[in-house]
Amino acid sequence: MRFTETFVPTLREAPQDAELISHKLMLRAGLMRKMASGIYSFLPLGLRSLEKVKKIIREEMDKAGGLELLFPTILPKEIWVETGRWDIYGNEMFKLKDRKGREFCLGPTHEEAVVDLARGELRSYKELPKTFYQIQTKYRDEIRPRFGLMRAREFLMKDAYSFDADEEGLEKTYNKIFNAYKRIFKRCGLTTIPIEADSGAIGGKVSHEFVVISEKAGESDFVYCPKCGYAANIEAAKSADAEEENGEMQPVEKVSTPNAKTIEEVSNFLNIPKKKLVKSLLYKIDGEFVLALVRGDDELNEVKLKNLFGGKFISPASEEEVKNLTGAQVGSIGPVGVNVKIAADKRVSKMKNFVTGANEDGYHLINVNIGRDFTPQVVVDIRNVKAGDLCPKCGTPLELHKGIEVGQTFKLGTVYSKKMNAKFLDKDGKEKYFIMGCYGIGVGRTLAAVIEEHNDKYGIKWPVSVAPYEVEIIPLNMSDEDISGTAEFLYKDFEKEGMEVLMDDRNDVGAGVKFNDADLLGIPLQVIIGRTFKKDRKIEVKDRESGEKTLVKLNEVKEFVKKKITEKYNALNE
RNA sequence: CGGGAUGUGGCUCAGCUUGGUAGAGCGCUUGGUUCGGGACUAAGAGGUCGUGGGUUCAAAUCCCACCAUCCCGACCA
């Protein structure tokens, strides 16, 4: 492709509303433009890269036994009502009505759609397993779109859904897709870590997220064990248990703690370390109240708490509700003598003689003990793991990182097939629910993550597999016929060879602009025709990734470039 | 939705405190000179100052409302 014939509106400065490096570079390199908040247009170069990611995904999904199909974007309300997600997704969905008033939504995901298809078409175990996938535009009216393609409201997603006859089948399918995911991201040049995850709103049991470590652009907090490799999303992360405290139980005492409400204040006022206090938090889960207890120096993880009760909605109780239920204000509430369900963190259960609110404004209780003074209904892990906590598998201190979630896999089991009554006839002649899995990859986000991982202060450094072009020819002076003629020759020769080549044939810009644009665009190899060529017929080939420059004779350029490209592909495939 | 900020040619921004003419750099158009790291030169084009209302002889500037965008939090590929 000739530069003058395509459309690459590069920007010298990044538009102000871009924050992330990848977002800035995508705008500056002319890959995309914003249409509205969280809604983007792809321009020719951006589209080429996007298509390459899609192609890699297709190849690996097909290899893993996936069957591509395409569901509609517009989905009828009815199937969502069946699973209850019309309300659960709620405001996240873009909803619309047709002229007759029938309600629809723009699909935020397609579990309902596939199950609806499967229950009508798959009837026998003989037709299983089946894995369907599509690459399609999804719509989620995000509370807060941000970071360009990282969190968009309209985005491309590859979503796959598997149907198996039994758990062993699902296990096999899950592993196949899991491995396909590893290869997909590897081929895109991404360094991903599969982490154990919570299954969230989608439902199900086992789930993994594929994350790219990025402290800046990452939105997913996860723990990582540098020794054994244990990795888990903060919502699913475990840590080794705390040690049982010993000592005799002391008699409970009510002490006055005027104006001391936060853990910090109470700890200072009583001169007792935070880890000897217990934080009491009143929550409302699907309309029911739960008092959650965590150690004073810990933080509650709402998702863990919610999952514990199989809840759908969770929110802290209002000040008024707190007052009504405990008789005290937030800051003075505690587990002793209240008539609510109590969920204590495992660490709290190891504590002796601790401090809690007294359910009376301005007072706390000291020397409180579980079993004697109150009994929690459940004792479970509901705290956030912190950096330095010990790995649950090998005892090494854990690291805390942020990552970009580029993909997620779930073992759904029968959550959806039951709700939508999707059954098949098994070997034994009995009707059974499909055992399902679902698997997503954010295509645009993957592209953004690639740029996030491969850039320098000059611009993008595309891995060859997803670069818009493999090589860029840069004739520095188009009015010099020796140079432009040579460029033209190489351009045609490269194309004939099947290489994807871009030639910066602009006549009206100086060498500086061409160099800067080339570095910004990040095509892996630059073939520079200018001074060195005029002097001794040598062409300079620059590797954008390493910055390495090699002078090559004209008649050897093609082979040299070809070899470099092959090497680059091989490095991503190994 | 809570907190913070911004809105002025295509892009980055100044002007607003103290009301009176809309500005700069980059980009764009035309001609000429240049041609290895965002060149030089001459002449040009281009703006409802986010929208609506108010105050005033007069509003980009002061007041009110709304909208949009971005950042921090709750949600998620």
Side-chain angles (χ1 to χ4, degrees), chain A residues 9-20 23-24 27-28 33-39 57 88-93 108-110 135-160 181 197-202 207 209-212 219-220 233 235 302-303 306 313-316 403-410 438-449 458-459 474-480 483-484 506-520 526 528-535 540 542 549:
Chain A
T10 58
L11 260 25
R12 181 183 276 202
E13 287 165 292
Q16 219 212 343
D17 49 8
E19 178 88 355
L20 272 198
H23 188 194
K24 284 183 188 166
L27 294 168
R28 288 227 290 135
R33 286 293 184 261
K34 185 173 72 179
M35 179 69 80
S37 176
I39 298 176
I57 292 175
I88 295 175
Y89 252 104
N91 291 332
E92 256 315 287
M93 282 203 277
T109 177
H110 284 76
I135 297 177
Q136 207 222 30
T137 308
K138 299 281 197 266
Y139 295 84
R140 293 186 194 169
D141 193 359
E142 291 288 343
I143 294 173
R144 178 145 104 87
R146 69 179 126 179
F147 296 160
L149 289 192
M150 282 302 177
R151 175 164 307 283
R153 294 193 293 172
E154 177 185 285
F155 59 98
L156 245 205
M157 176 165 143
K158 186 286 306 180
D159 47 328
Y181 272 33
D198 169 59
S199 50
I202 308 223
S207 174
E209 283 176 11
F210 284 78
V211 298
V212 179
E219 297 190 86
S220 223
N233 186 295
E235 283 148 13
E302 292 185 5
V303 175
K306 184 182 74 176
F313 301 105
I314 182 168
S315 63
I404 302 166
E405 186 190 341
V406 287
Q408 187 163 13
T409 55
F410 302 85
C438 85
Y439 321 86
I441 290 179
V443 183
R445 182 183 286 184
T446 297
L447 201 60
Y458 302 106
I474 309 173
L476 289 178
N477 182 357
M478 285 302 284
S479 24
D480 182 321
I483 290 176
S484 57
R506 287 178 294 178
N507 194 20
D508 53 353
V509 296
V513 173
K514 291 194 180 187
F515 282 131
N516 282 107
D517 272 350
D519 286 347
L520 175 62
Q526 299 172 8
I528 301 159
I529 311 167
R531 188 192 286 152
T532 59
F533 181 66
K534 294 302 281 185
K535 205 163 50 175
E540 182 180 315
K542 178 177 155 186
K549 295 172 181 173

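A note on names: the letters A, B, ... follow the listed sequences, proteins ahead of strands, and every chain is numbered from 1. Just so it is clear, the structure is predicted and the values come from calculations on it, not from any experiment.
- Summarising the geometry, the separation between CD on A:Glu154 and C1' on B:rA77 is reported as 14 Å, rounded to the nearest angstrom.
- Within 4.0 Å of A:Glu405, counting heavy atoms only, lie sugar-phosphate atoms of the nucleic acid but no base atom.
- Nucleotides B:rC70 and B:rC11 place their P atoms 14 Å apart, quoted to the nearest Å.
- A gap of 25 Å separates the P atoms of B:rG50 and B:rC72, to the nearest Å.
- Considering only side-chain N and O atoms, A:Gln16 lies under 4.0 angstrom from the phosphate OP1 or OP2 of B:rC13.
- Atom pair A:Phe155:CZ and B:rC75:C1' shows a separation of 12 Å (rounding to whole Å applied).
- Contacts of A:Ala152 with the nucleic acid, taken as non-hydrogen atoms under 4.0 Å apart, include base atoms.
- Atom CD of A:Glu209 is separated from atom P of B:rC75 by 13 Å (rounded to the nearest Å).
- Of the P atoms belonging to B:rC35 and B:rC71, the separation is 45 Å, rounded to the nearest Å.
- Taking the side chain of A:Gln408 as heavy atoms from C-beta on, and the options B:rA77, B:rC11, B:rC76, the nearest nucleotide is B:rA77.
- Rounded to whole Å, the separation between the C1' atoms of B:rA58 and B:rA74 comes to 48 Å.
- Looking at heavy-atom distances under 4.0 Å, A:Glu219 makes contact with a base.
- An OP1 or OP2 oxygen of B:rC72 is reached within less than 4.0 angstrom by a side-chain nitrogen or oxygen of A:Arg146.
- What separates CD of A:Glu142 from C1' of B:rC70 is a distance of 16 Å, to the nearest Å.
- For the residue pair A:Arg506 and A:Lys514, the shortest heavy atom distance occurs at O-NZ, 2.8 Å.
- Distance, A:Glu19 CD to B:rC72 P: 6 Å, rounded to whole Å.
- Between B:rA77 and A:Thr109, no contact under 4.0 Å exists linking OP1 or OP2 to a side-chain N or O.
- The NE2 atom of A:His23 lies 13.5 Å from the CZ atom of A:Arg146; values are rounded to the nearest 0.5 Å.
- Of the C1' atoms belonging to B:rU61 and B:rC26, the separation is 26 Å, rounded to the nearest Å.
- A residue-by-residue look at A:Met150 and A:Pro15 shows that A:Pro15 has its nearest nucleotide of RNA chain B further toward the 5' end.
- In this structure A:Thr137 satisfies the side-chain contact (heavy atoms from CB on, under 4.5 Å) test together with A:Tyr139, A:Glu154, A:Leu156, sequence neighbours excluded.
- A:Lys158 comes within 4.0 angstrom of nothing in the nucleic acid, heavy atoms only.
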(message) Generate the contact string for nucleotides 25-44 of chain B. Rules: B means base contact, S means sugar-phosphate contact only, - means no protein heavy atom under 4.0 Å.
(response) BS--------BBBB------
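- Across all strands shown, the partner of B:rG25 is B:rC11, judged by Watson-Crick or G-U wobble contacts whose two distances both fall under 3.5 Å.
- A close approach under 4.0 Å does not occur between any side-chain nitrogen or oxygen of A:Arg144 and OP1 or OP2 of B:rC75.
- Nucleic acid contact class of A:Val406 (heavy atoms, under 4.0 Å, all strands): sugar-phosphate only.
- In the set B:rC70, B:rC72, B:rA77, the nucleotide with an atom closest to the side chain of A:Arg140 is B:rA77.
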